[in-house]
Amino acid sequence: MTKELYGIIGDPVEHSLSPVMHNAAFDELSMDALYVAFRVPQEEVADAIRGAKSLGIRGLNVTIPLKEKAFSVVDTEEVAKRIGAINTIDFHSGSPVGYNTDGLGALQVLKETVGVIETRNVLILGAGGAARAISFYLDSEGANVTLANRTKERAAVLASKLRNANSIGLGAELKRHIQDSDIIINTTSVGMHPKEDATLVTADLMHSDLVVFDIVYNPMETKLLREAKKAGVNMIIDGVKMLVYQGAASFNIWTGREPPVETMEKAVRDALVL
Ligand code: ATR
């Protein structure tokens, strides 16, 4: 009866695939561990984290909309400090320590598919929490980052914190910019279930040498990715791999073990087609 307990806090959280993914990893490694989803309102984040520590929970993921709030109530490692948000809490040193593995997950996906990121022109759609984590890593890798956001001011603030980034709005500027881009990453919720027919970029604006990466994984093939197919783009990346890689990085922080990423990816893809 010494099952190790892990979990995710968010609101809403019932559709999260992290339980399916991490429990598949525990099974694969024959670990006596369980991962559960906990719905936690914003104002109770600090209590929930304190309670998790008291209950002996080994690790937590943090998801929308709690990543910034959780950041403000725990100690964090350096990268998370620069990003200003966390998606992972580790309890094994006694007091909780926050990490952000979102950007690392995205960077790993891109390195695996695109190779070298340095000097590539990367257009990031959005300037929220996910954009902050991803742009931090891409900027550190030496990419030329452009942030395109509905609220242009928010993109400008984020760009000013990076080494080599600029900001634009979503109108005509965006159209022009796509022509010079090598990689487009959608970090907004546009296209996510249930509003599956929405996209910020359509086929007529794309060129076939682009890499188009959507971090939305539900549906796996978003409207943005369907438009990319229509435009003849041959490097199209859905959001599942990023979910898996950020989760794998959390798993490694908590357990010190090599995460079974293929098993984790299969569990997520199977759950999404159900
Ligand atoms: P997350 O932590 O998931 O990134 P967030 O911080 O709320 O969530 O950021 C959501 C991002 O999606 C923002 O860039 C938001 O644009 P604004 O800054 O203008 O709000 C973007 N977004 C959400 N819905 C959008 C829509 N319908 N059209 C364009 N952008 C949208």
Side-chain angles (χ1 to χ4, degrees), residues 8-13 15-18 40-42 45 60-72 76 79-80 82-89 98-107 109 122-139 145-162 165-175 177-178 184-202 205 212-219 222-225 227 238-240 242-243 245-247 250:
I8 180 165
I9 57 172
D11 187 15
V13 76
H15 298 296
S16 168
L17 292 175
S18 292
V40 174
Q42 280 271 16
V45 170
L60 286 177
N61 280 128
V62 182
T63 189
I64 289 169
L66 310 179
K67 294 180 182 186
E68 280 93 0
K69 182 70 193 176
F71 169 82
S72 68
T76 55
V79 173
R82 291 209 46 201
I83 295 169
I86 57 169
N87 73 332
T88 303
I89 303 175
Y99 296 80
N100 192 314
T101 67
D102 285 330
L104 188 63
L107 178 65
V109 171
V122 184
L123 176 64
I124 295 182
L125 305 172
R132 219 156 55 214
I134 294 171
S135 62
F136 169 79
Y137 274 91
L138 297 180
D139 184 59
V145 173
T146 298
L147 296 151
N149 199 44
R150 176 176 62 183
T151 313
K152 195 175 164 183
E153 179 55 26
R154 203 174 174 197
V157 170
L158 176 51
S160 73
K161 294 182 180 154
L162 299 170
N166 61 310
S167 58
I168 58 174
L170 291 182
E173 271 179 307
L174 173 62
K175 268 191 196 174
H177 217 87
I178 292 169
I184 299 181
I185 309 174
N186 175 48
T187 71
T188 74
S189 50
V190 175
M192 191 188 288
H193 178 79
K195 294 185 180 160
E196 296 183 12
D197 226 29
T199 180
L200 295 178
V201 178
T202 46
L205 305 178
V212 180
F213 174 17
D214 200 333
I215 74 162
V216 171
Y217 59 79
N218 187 12
T222 58
K223 169 97 168 168
L224 174 71
L225 300 187
E227 291 290 307
D238 68 35
V240 172
M242 173 169 161
L243 174 72
Y245 287 163
Q246 63 77 33
S250 303

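Remember, it's 1-based here, ligands and their atoms both numbered in the order they're listed.
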Per-pair distances, ligand 1 N/O vs protein N/O, less than 3.5 Å:
from	atom 1	to	atom 2	distance (Å)
ligand 1	2 (O)	Gly129	N	3.4
ligand 1	4 (O)	Gly129	N	3.0
ligand 1	4 (O)	Ala130	N	3.0
ligand 1	6 (O)	Gly129	N	3.1
ligand 1	6 (O)	Arg154	NH2	3.2
ligand 1	14 (O)	Ala127	N	2.9
ligand 1	14 (O)	Asn149	OD1	2.6
ligand 1	16 (O)	Asn149	OD1	3.2
ligand 1	18 (O)	Asn149	ND2	2.8
ligand 1	18 (O)	Arg154	NH1	2.8
ligand 1	19 (O)	Arg150	NE	3.1
ligand 1	19 (O)	Thr151	N	2.9
ligand 1	19 (O)	Thr151	OG1	2.5
ligand 1	20 (O)	Arg150	NH2	2.9
ligand 1	27 (N)	Arg150	NH1	3.4

(message) What verdict does the side-chain hydrogen bond (donor to acceptor under 3.5 Å, both in side chains) test give for Ser250 and Asn61, after you've listed the backbone C-alpha separation in whole Å, the side-chain angles of each residue and the deciding distance to 0.1 Å?
(response) CA-CA 8 Å; Ser250 303; Asn61 280 128; 3.2 Å; yes
(request) Please test Met192 against Thr222 for side-chain contact (heavy atoms from CB on, under 4.5 Å), starting from the C-alpha separation and ending with a verdict. (result) CA-CA 7 Å; Met192 191 188 288; Thr222 58; over 6 Å; no
(message) What verdict does the side-chain contact (heavy atoms from CB on, under 4.5 Å) test give for Lys152 and Glu173, after you've listed the backbone C-alpha separation in whole Å, the side-chain angles of each residue and the deciding distance to 0.1 Å?
(response) CA-CA 11 Å; Lys152 195 175 164 183; Glu173 271 179 307; 3.4 Å; yes
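The only member of Leu66, Thr101, Ile64 that meets side-chain contact (heavy atoms from CB on, under 4.5 Å) when paired with Asn87 is Thr101.
Heavy atoms only, all atoms of each residue included: Gly239 and Tyr217 are closest at C-CB, 3.7 Å.
Put simply, the side chain of Thr63 does not reach to within 4.5 Å of the side chain of Ser16, judged on heavy atoms.
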